[in-house]
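Taking it in order: structure first as structure tokens, then the write-up.
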Amino acid sequence: MSNSNNWPSWLPLREPLKPMSPYGAPQVVANAQLNTNENPFAPSAALVAAITKRVAEVSVTLNRYPDRDSIALRAGLAKYITAQTGVSFDIANLWAANGSNEIIQSIFLAFGRESALGFTPSYSMHPLIAKVTSVNWLDGKRRDDHSLDVAVATQQVLTAKPTLTFITTPNNPTGSVVRISEIVELAVATASVGGLLVVDEAYAEFSSEVSAVTLIAQYPNVIVIRTMSKAFAFAGARLGYLIADPAVIDALQLVRLPYHLSAITQAVAEVALSFSGELLAGVDALVAQREIVQAGLAKLGLTITPSAANFLLFGGFSQPADQIWQKLLDRGILIRDVGLLGQLRVTIGTAAENQAFLSALTEVLAEGDK
Ligand SMILES: *Cc1c(COP(=O)(O)O)cnc(C)c1O
């Protein structure tokens with residue numbers, strides 16, 4: 001059911017949706033699940049116990065609607081970002097939703113006017129949500145090695161005058177970083193055309209680059225998106241958030257559904273924040289593992305894009321990438337074919353999963369003589 005010919009004629013589907021197919025990273029069972037940039041570390045016993053206790057407390061109030069404004073959670077997120085970046089924020093600067101995908105959707109609903117600009121390859125949900133909300137998506141250009149040429153990007157902003165410009169840093173699927181000085185250039189350019197610069201920092205905790213939240217006071221058109229899905233190992237809980245000027249937060253309240261964030265979600269996200277020390281130690285372990293996997297791939301003679309995230313994009317095979325992907329899956333290793341010619345993306349897993357991936361890949365490459 002994925003193209004216009006298949007929809008029944010009685011179904012009054014909106015025109016732009018007809019050629020679309022649903023978001024679909026394969027959810028297949030594998031010994032090592034290294035395909036969606038999840039964090040491989042399950043919540044600790046102490047975190048599980050704390051979540052269980054809070055859920056029991058909240059459960060006796062579930063006959064009531066939750067706090068519509070998520071005040072306690074937003075205060076906790078503001079405190080966390082303030083501690084992380086050294087820039088002071090409070091609840092007026094914070095918004096939270098069911099995953100950063102809902103945050104992105106709210107941004108489009110509030111600010112998606114004529115067009116939105118992003119630089120491919122990047123996070124596929126930005127153009128997808130643009131389509132769903134009927135905003136014209138403009139595919140900006142990168143260099144052949146997928147790095148962002150900020151002078152070219154700035155020129156595209158000035159020419160296209162989009163109300164929304166998306167930058168993902170560290171970028172997905174490449175892992176590469178846009179420097180804070182380059183973000184400043186884009187903040188100035190987007191402001192000059194009356195647009196917002198949306199910086200998706202889903203992987204910021206894995207990177208040592210300065211966060212774009214440091215720019216918000218001077219450039220109020222900068223919006224920063226974060227998530228608990230990656231560094232906080234909390235993808236199943238669905239909690240994404242945004243840091244911005246208070247005017248942005250006020251505008252987002254116009255498009256949010258009433259009581260969108262359940263009392264359970266708010267409570268467990270608050271508990272996760274109180275375990276941030278433990279969770280960030282897991283980030284350090286993954287960064288160390290990333291170095292090990294990168295060295296392993298280099299030893300196999302492959303080319304790797306330098307990554308500041310919890311995944312690596314690699315290539316330089318003599319077999320087609322989709323065949324390598326399948327042969328790895330046959331060996332119980334699920335990674336991601338992101339649709340870039342001759343490249344594959346692997347999420348950093350536990351030490352054991354990473355070793356299993358590297359030895360399976362060694363076999364596969366030897367089979368095809370690379
Ligand atoms: C994984 C990811 C997200 C996270 O989405 P959630 O809805 O918070 O799980 C957002 N942006 C990028 C670039 C990502 O890779």
Side-chain angles (χ1 to χ4, degrees), residues 22-27 33-40 70 73 77 80-81 94-109 116 118-130 132 137 140 142 146 148 164-178 183 197-207 209 211-213 223-243 252 256 260-262 265-266 268-269 272-273 279 283 286 290 305 307-313 335-336 338-340 345-349:
Y23 172 84
Q27 286 198 309
Q33 209 95 27
L34 306 176
N35 68 326
T36 53
N37 299 342
E38 290 158 335
N39 191 308
S70 315
L73 173 59
L77 291 167
Y80 169 71
I81 290 294
L94 263 292
W95 188 244
N98 297 284
S100 46
N101 288 319
E102 188 184 14
I103 295 277
I104 295 163
Q105 186 183 58
S106 295
I107 291 171
F108 272 103
L109 290 174
F119 302 91
T120 309
S122 190
Y123 189 45
S124 60
M125 289 307 293
H126 300 151
L128 205 128
I129 297 174
V132 167
W137 178 262
R142 290 175 180 266
H146 306 314
L148 190 73
L164 292 170
T165 298
F166 283 83
I167 293 289
T168 305
T169 182
N171 189 36
N172 177 9
T174 59
S176 45
V177 160
V178 181
I183 300 282
L197 179 65
V198 183
V199 186
D200 189 335
E201 291 190 354
Y203 302 95
E205 284 92 339
F206 298 96
S207 164
E209 183 58 49
S211 168
V213 302
I223 296 182
V224 178
I225 301 173
R226 294 272 188 125
T227 179
M228 286 194 173
S229 293
K230 312 289 164 49
F232 269 64
F234 225 47
R238 309 305 301 130
L239 199 289
Y241 55 103
L242 161 155
I243 306 103
L252 289 172
R256 66 116 158 80
H260 68 295
L261 209 50
S262 85
T265 302
Q266 294 184 37
V268 300
L273 279 172
L279 295 168
V283 168
L286 289 172
R290 183 183 74 211
T305 306
S307 169
N310 67 335
F311 55 83
L312 290 163
L313 185 71
I335 67 168
R336 188 74 168 266
V338 290
L340 291 180
R345 190 192 71 191
V346 63
T347 303
I348 304 304

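Just follow the structure's listing: the first ligand is 1, and inside any ligand the first atom is 1.
Scanning the protein heavy atoms around atom 9 (O) of ligand 1, the nearest turns out to be Ser229 OG, 2.6 Å. Protein heavy atom in closest approach to atom 2 (C) of ligand 1: Lys230 NZ, 2.4 Å. For atom 5 (O) of ligand 1, the closest non-hydrogen atom on the protein side is Ser100 OG, 3.0 Å. Protein heavy atom at the shortest distance from atom 15 (O) of ligand 1 is Tyr203 OH, 2.6 Å. For atom 7 (O) of ligand 1, the closest non-hydrogen atom of the protein is Arg238 NH2, 2.7 Å.
Counting heavy atoms from C-beta outward, Leu312 and Arg290 have side chains that approach closer than 4.5 Å.
Between Tyr80 and Phe232, the gap from one ring centroid to the other is short of 6.0 Å. The distance between the ring centers of Phe108 and Phe166 falls below 6.0 angstrom.
Remark: the His260 side chain and the Asn98 side chain contain no N/O donor-acceptor pair separated by less than 3.5 Å. No side-chain donor-acceptor contact under 3.5 Å links Ser176 and Asn171. A donor and an acceptor atom, one from each side chain of Arg336 and Asn37, are nowhere located under 3.5 Å apart.
The two residues Thr347 and Glu38 come nearest to each other via the heavy atoms CG2-O, 3.5 Å.
No N or O atom of Asn98 sits closer than 3.5 Å to an N or O atom of ligand 1. At under 3.5 Å, a nitrogen or oxygen of Asn101, whether backbone or side chain, sits near a nitrogen or oxygen of ligand 1.
The ligand atoms of ligand 1 that sit less than 4.0 angstrom from a heavy atom of Thr168 are 13 (C). Listed by number with element, the atoms of ligand 1 under 4.0 Å from a non-hydrogen atom of Ala202 are 2 (C), 3 (C), 10 (C), 11 (N), 12 (C), 14 (C).
Contact check on Arg226 versus Glu205 returns a salt bridge, with a Lys/Arg side-chain nitrogen under 4.0 Å from an Asp/Glu carboxylate oxygen.
Proximity of Glu102 to ligand 1, defined as any heavy-atom pair under 4.0 Å, is not found for any part of the residue. Contact annotation for Asn172 and ligand 1: only side-chain heavy atoms (C-beta onward) come within less than 4.0 Å of the ligand.
Within the 4.0 Å heavy-atom shell around ligand 1 one finds Asp200.
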